[in-house]
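One-based numbering along the sequence shown.
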Amino acid sequence: MKKHLLVLTLALFVFGAQANNGNGKGEAEGPKPTNYKEVISQIEYPKVCQEKGIEGKVIVTLKVDETGKVINHEFGSYPCTDLRDAVKDAIKDLKFVPAKDANGNAIVGKIAVPVNFKLTI
């Protein structure tokens, strides 16, 4: 039986914008992905992980600039380096609507992106 990749598109955990002027005019908003499902669906399950039966969730926190471009990333958890690397190769293709401060101005923000790898029969 052949094992296939099942990538679950989990809810994105928004850590929120890094700035909030606290003037009560509104609330800061974190960056929002525009092509998450498309990019995540293109990730290939590494063969070595399939053969060893390795599954699990990779969580990467992305720093997104005022234009919606990913400027930094940090992996919080991952079951193995091969799964981490599969996600690392894909995140360069993610696009975002930038975070906004309470006044609606684009600012730098962070977002945690989970990718779940599950083997199926």
Side-chain angles (χ1 to χ4, degrees):
M1 291 183 223
K2 188 174 181 179
K3 295 179 180 179
H4 297 279
L5 167 66
L6 173 63
V7 178
L8 301 176
T9 53
L10 302 173
L12 297 177
F13 302 102
V14 178
F15 286 142
Q18 290 184 332
N20 185 346
N21 65 8
N23 65 6
K25 291 184 179 178
E27 292 185 25
E29 296 179 8
K32 294 184 173 108
T34 60
N35 64 340
Y36 174 77
K37 288 181 182 180
E38 176 185 322
V39 170
I40 299 305
S41 70
Q42 298 301 314
I43 296 175
E44 290 189 32
Y45 211 123
K47 288 204 181 277
V48 67
C49 296
Q50 289 180 24
E51 292 166 359
K52 292 181 179 179
I54 299 172
E55 299 178 321
K57 187 184 302 184
V58 175
I59 298 179
V60 58
T61 300
L62 305 174
K63 187 173 185 180
V64 180
D65 72 9
E66 300 90 343
T67 67
K69 179 182 174 189
V70 175
I71 55 174
N72 194 8
H73 68 273
E74 182 177 314
F75 286 91
S77 64
Y78 48 91
C80 76
T81 56
D82 292 309
L83 293 179
R84 178 201 66 195
D85 292 346
V87 173
K88 183 178 181 181
D89 289 342
I91 60 175
K92 68 183 179 323
D93 296 327
L94 286 171
K95 295 179 181 17
F96 292 87
V97 172
K100 297 194 186 304
D101 66 14
N103 291 322
N105 300 313
I107 58 170
V108 174
K110 288 186 178 181
I111 184 170
V113 178
V115 181
N116 194 35
F117 288 87
K118 178 140 179 87
L119 293 169
T120 60
I121 297 175

Which residues pass the side chain to side chain contact (heavy atoms under 4.5 Å, CB included) test with Glu66, not counting sequence neighbours? Ala106, Val108
Backbone of Asn105 reached by a side-chain donor or acceptor of Asp101 within 3.5 Å: yes
Distance (rounded to the nearest 0.5 Å) between Ile54 CD1 and Glu51 CD: 10.0 Å
With a 4.5 Å cut-off on side-chain heavy-atom distances among I, L, V, M, F, W and Y, is there a chain of contacts connecting Ile40 to Leu119? yes
What side-chain donor-acceptor pairs closer than 3.5 Å can you find for residues 71-99, not counting sequence neighbours?
unit_1, atom_1, unit_2, atom_2, d
Tyr78, OH, Arg84, NH1, 3.4
Lys92, NZ, Asp89, O, 2.6

As a quick check of understanding, evaluate side-chain contact (heavy atoms from CB on, under 4.5 Å) for Gln50 and Phe117, giving each step before the final call. CA-CA 10 Å; Gln50 289 180 24; Phe117 288 87; over 6 Å; no
Just by modelled atom types, is the Thr67 backbone N or O under 3.5 Å from a matching donor or acceptor in the Asp65 side chain? yes
